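What follows is one structure encoded as structure tokens, with my remarks underneath.
One-based numbering, in listed order, for ligands and for the atoms of each. Since we're looking at a predicted model, the values are computed, not measured.
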Amino acid sequence: MAFTQCIVNETLRLANIIGAVFRRATTDIDIKGYTIPKGWKVIASFRAVHLNAEHFKEARTFNPWRWQNNDKSEAVASPVNVFTPFGGGPRLCPGYELARVVLSVFLHRMVTRFSWVPAEEDKVVFFPTTRTLKRYPIILKRREETRSSIGIGNTADTGRQKDN
Ligand code: HEM
């Protein structure tokens, strides 16, 4: 499921359910010329970093191929810790591997077994959390029923090259 991982990464980058985390400074901290005094609360915005064009080329475009083979030509040179959908350090999400497996299996089955069309227009919103306004209603069909009529093969996990 290599390409599925690219889809999962790109989705977590652009539309992660958790946009930021809160921290409290336990001591005075100097960062890039600013001092965060001890006791102050700070918000670490993953979203701001994930959508920063200094770190990701055309950062607001959904481009799962940027993750393929860690293609460096797609990424702007950046430190390794700019992609942090599950946080990092001592409070790193302990469920991150489970979450990735569940997402991957769900997506893989969904794409290879079903086809769908939106049932009505919907919209992604990012505040206070990432979600779709109408829970993205779809009309779902089993692929077995549609494969011959609309010519779908099992190409969902093969990436751009084989999609053409
Ligand atoms: C896409 C799915 C998920 C995302 C994006 C996510 C993201 C995060 C993030 C960013 C944090 C760090 C919060 C912080 O630094 O304050 C966190 C913490 C945590 N997550 Fe997740 N998570 C996901 C799924 C899960 C799952 C499936 C589980 C458990 C089965 C889980 C359990 C936890 C727990 C217990 C913490 C608190 C860790 C601590 O404070 O030491 N998460 N998660």
Side-chain angles (χ1 to χ4, degrees), residues 1-72 74-116 118-119 122-138 140 156-160:
M1 287 195 225
F3 193 67
T4 304
Q5 298 313 305
C6 301
I7 301 277
V8 169
N9 278 349
E10 189 66 345
T11 305
L12 289 170
R13 186 185 71 80
L14 268 176
N16 195 5
I17 187 90
I18 298 183
V21 291
F22 290 100
R23 291 289 183 268
R24 190 184 295 278
T26 54
T27 181
D28 288 356
I29 299 181
D30 291 317
I31 298 179
K32 296 186 177 175
Y34 295 90
T35 301
I36 301 172
K38 179 180 175 180
W40 276 36
K41 245 186 179 178
V42 293
I43 181 166
S45 173
F46 301 149
R47 203 168 138 65
V49 179
H50 290 171
L51 296 184
N52 187 335
E54 283 178 23
H55 302 314
F56 299 96
K57 208 190 241 178
E58 294 176 16
R60 285 172 186 272
T61 303
F62 183 82
N63 174 13
W65 292 276
R66 74 172 80 238
W67 300 97
Q68 218 165 28
N69 308 320
N70 287 327
D71 186 352
K72 297 284 185 288
E74 286 290 336
V76 175
S78 58
V80 286
N81 58 352
V82 294
F83 180 59
T84 56
F86 296 102
R91 299 239 90 96
L92 172 71
C93 174
Y96 81 96
E97 284 182 320
L98 175 64
R100 291 195 68 106
V101 167
V102 172
L103 280 168
S104 304
V105 172
F106 170 78
L107 270 177
H108 186 80
R109 301 290 276 198
M110 181 85 172
V111 170
T112 53
R113 299 289 171 95
F114 299 94
S115 65
W116 66 91
D122 203 352
K123 194 180 165 200
V124 182
V125 291
F126 294 95
F127 188 83
T129 55
T130 307
R131 67 198 193 286
T132 46
L133 284 179
K134 297 181 187 168
R135 308 185 74 189
Y136 195 54
I138 55 173
L140 198 63
D157 201 31
T158 52
R160 179 185 273 161

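No N or O atom of Asn16 sits closer than 3.5 Å to an N or O atom of ligand 1.
Atom 2 (C) of ligand 1 has its closest protein heavy atom at Ala99 CB, 3.6 Å. Of all protein heavy atoms, the one lying nearest to atom 18 (C) of ligand 1 is Cys93 CA, 3.7 Å. Scanning the protein heavy atoms around atom 13 (C) of ligand 1, the nearest turns out to be Val21 CG1, 3.6 Å. When only non-hydrogen protein atoms are considered, atom 19 (C) of ligand 1 lies nearest to Pro94 CD, 3.5 Å. In this structure, atom 15 (O) of ligand 1 lies nearest to the protein heavy atom Arg23 NH2, 2.5 Å. Atom 41 (O) of ligand 1 has as its closest protein heavy atom Arg91 NE, 3.1 Å.
Ligand-side atoms of ligand 1 in range of Pro85: 5 (C), 7 (C), 10 (C), range being under 4.0 angstrom from any heavy atom. Numbered from 1 in the order shown, with element, the atoms of ligand 1 that lie under 4.0 Å from a heavy atom of Phe46 read 10 (C). Each of the following atoms of ligand 1 lies closer than 4.0 Å to a heavy atom of Leu98: 30 (C).
Not less than 6.0 angstrom separates the ring centroid of Trp67 from the ring centroid of Phe3.
Neither the backbone nor the side chain of Glu97 has a heavy atom within less than 4.0 Å of ligand 1.
Thr35 and Asp30 form a side-chain donor-acceptor contact under 3.5 Å, judged by distance and modelled atom types alone.
With Arg100 as reference, Asn9 is the one residue of Thr4, Asn9, Val105 to meet the side-chain contact (heavy atoms from CB on, under 4.5 Å) rule.
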